[in-house]
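Read the structure below first, then the notes.
Here the structure is a predicted model, which is why all the values come from computation and not from measurement. Ligands are counted one by one from 1 in listed order, and the atoms in each one are counted from 1 as well. Sequential numbering from 1 along the given sequence is applied to the chain's residues.
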Amino acid sequence: MTLPLSFSPEVAAARTNGAPIVALESTIITHGMPFPQNLETARRVEAEVRAAGATPATIAVMSGRIHIGLDDETLERLARTPDAMKLSRADLAACLTSGRTGATTVAATMISAHLAGIGVFATGGIGGVHRGAETSFDVSADLHELAKTPVTVVAAGAKAILDLPKTLELLETLGVPVIAYGQDDFPAFWSRASGLRAPLRMDNAGEIAAAHAMRARLGLAGGQLVANPIPEAAEIPREEIVPHIERALAEATAQGIAAKAVTPFLLQRIFELTGGRSLEANIALVLNNARLGAAIARALAATH
Ligand code: PSU
Ligand code: MN
């Protein structure tokens, strides 16, 4: 049985040549940002990966295939499909067999990247343990995927809408290396610092690639989380973003927002409450993660 994967010509060529590839997710396009900034950002992120010497592979499900690399027309079609399914491990197969269009979250992108032989993936921020998880049980499947699938994920930490101490605790339990890049503090998405120390710190892409390769040699399941702080010029300081987060969270509770709708709802409300600043910060941090992802992919390709 062959895998239901379709490669763009650019990604197919990179695979043939053993050239560095960086996987990119699509839920950030369909559920994470409004149109047209979502499309513009997706294009800029791809350009950033190319400028840094790697090939971008944006991943999405369409017409019964997992597409590894999207041409520009397809990217635009996806960015204009707000009713695309939000795919995690649980829905990937059902979306494929139904023929529907689906955008991959961190979890589903990791699975797809691994099937395609891609070891590095850049995004904005991973899902994690939600505040109030002790009663709601809302814990992102992204955390469990990091424990299972051997892909190094570059993110600006976990989104600050989450319970960050619980998120770090669970990652430790699951055996996921959490590596802060260039600082000791675990970054909090829109802000560089969370006030929580990350368990590991690395200061260059080569070290991260070496640890990735060593995990493979040891036969360890699961990936690495590289937590790359947002560039200083783009950050929203913690004291400024926290009141907006609290308000958005209170509204989500009052309106009974649950399951997959929680993260998109909170991102949209914080966008409105910050007058669009949270989106600017989000775009800057994704571009920054794309650059680091490309550097790690290049270092990995050099070790093969
Ligand atoms: N990063 C962003 N914006 C996003 C996401 C990540 O900058 O919208 C998406 C990712 O696809 C991640 C998902 O997997 O949010 C988490 O959703 P949940 O909390 O429902 O697991
Ligand atoms: Mn959830």
Exercise for the section: May I ask you to identify the nearest protein heavy atom to atom 3 (N) of ligand 1, giving residue, atom name and distance to one decimal place in Å? Expected result: Ile28 CG1, 3.6 Å
Problem - Protein heavy atom at shortest distance from atom 19 (O) of ligand 1 - result: Thr263 OG1, 2.7 Å
Practice task
For atom 16 (C) of ligand 1, state which one of Asp142, Asn282, Thr105 supplies the nearest heavy atom.
Solution key: Asp142
Exercise for the section: Would you please say whether a donor-acceptor pair under 3.5 Å links the side chains of Thr55 and Glu10? Expected result: no
Exercise for the section: Could you tell me whether the side chains of His212 and Thr152 share a donor-acceptor contact shorter than 3.5 Å? Expected result: yes
Fill in the blank from the handout: Of Gly32, Gly125, Ala155, the one whose closest heavy atom lies nearest atom 6 (C) of ligand 1 is Gly125
Practice task
Mark up the atoms of ligand 1 that fall under 4.0 Å of a heavy atom belonging to His130, in ascending order.
Solution key: 19 (O)
Handout entry: Considering only N, O or S atoms of Asp138, the one closest to the Mn ion (ligand 2)
Key = OD1
Practice task
Provide, to 0.1 Å, the distance between atom 11 (O) of ligand 1 and the closest protein heavy atom, together with that atom's residue and name.
Solution key: Glu25 OE1, 2.6 Å
Completion exercise
The atoms of ligand 1 lying under 4.0 Å from a heavy atom of Thr123, numbered in the order shown, are 1 (N), 6 (C)
Exercise for the section: Mind running side-chain contact (heavy atoms from CB on, under 4.5 Å) on Met110 and Leu146 for me, showing each step along the way? Expected result: CA-CA 8 Å; Met110 288 180 75; Leu146 279 160; 3.8 Å; yes
Handout entry: ligand 1 contact on Lys86 by region, counting heavy-atom pairs under 4.0 Å
Key = side chain
Handout entry: With Thr104 via side chain to side chain donor-acceptor pair (under 3.5 Å) - residues at least two apart
Key = Ser26, Thr109
Fill in the blank from the handout: Numbered in order shown, the ligand 1 atoms found under 4.0 Å of a heavy atom of Phe189 are 7 (O)
Problem - Electrostatic pair Arg100:Asp83 at N-O distance under 4.0 angstrom - result: no
Handout entry: salt_bridge(Glu272, Arg269) N-O dist < 4.0 Å
Key = yes
Practice task
Would you mind checking if Asp184 and Arg201 are paired as a salt bridge, meaning a charged N to carboxylate O distance below 4.0 Å?
Solution key: yes
Exercise for the section: Decide whether an N or O pair under 3.5 Å exists between Ser140 and ligand 1. Expected result: yes
Handout entry: Gln255 atom CD, over 12 foreign heavy atoms within 6.0 Å
Key = yes
Handout entry: Test item, Lys159 contacting ligand 1 (heavy atom, 4.0 angstrom)
Key = yes
Fill in the blank from the handout: In ligand 1, the atoms that come under 4.0 Å of a heavy atom of Leu267 are 3 (N), 4 (C), 8 (O)
Handout entry: Nitrogen or oxygen of Val106 less than 3.5 angstrom from that of ligand 1
Key = yes
Practice task
With sequence neighbours excluded, tell me which residues meet salt bridge (charged side-chain N to carboxylate O under 4.0 Å, His left out) with Glu235.
Solution key: none
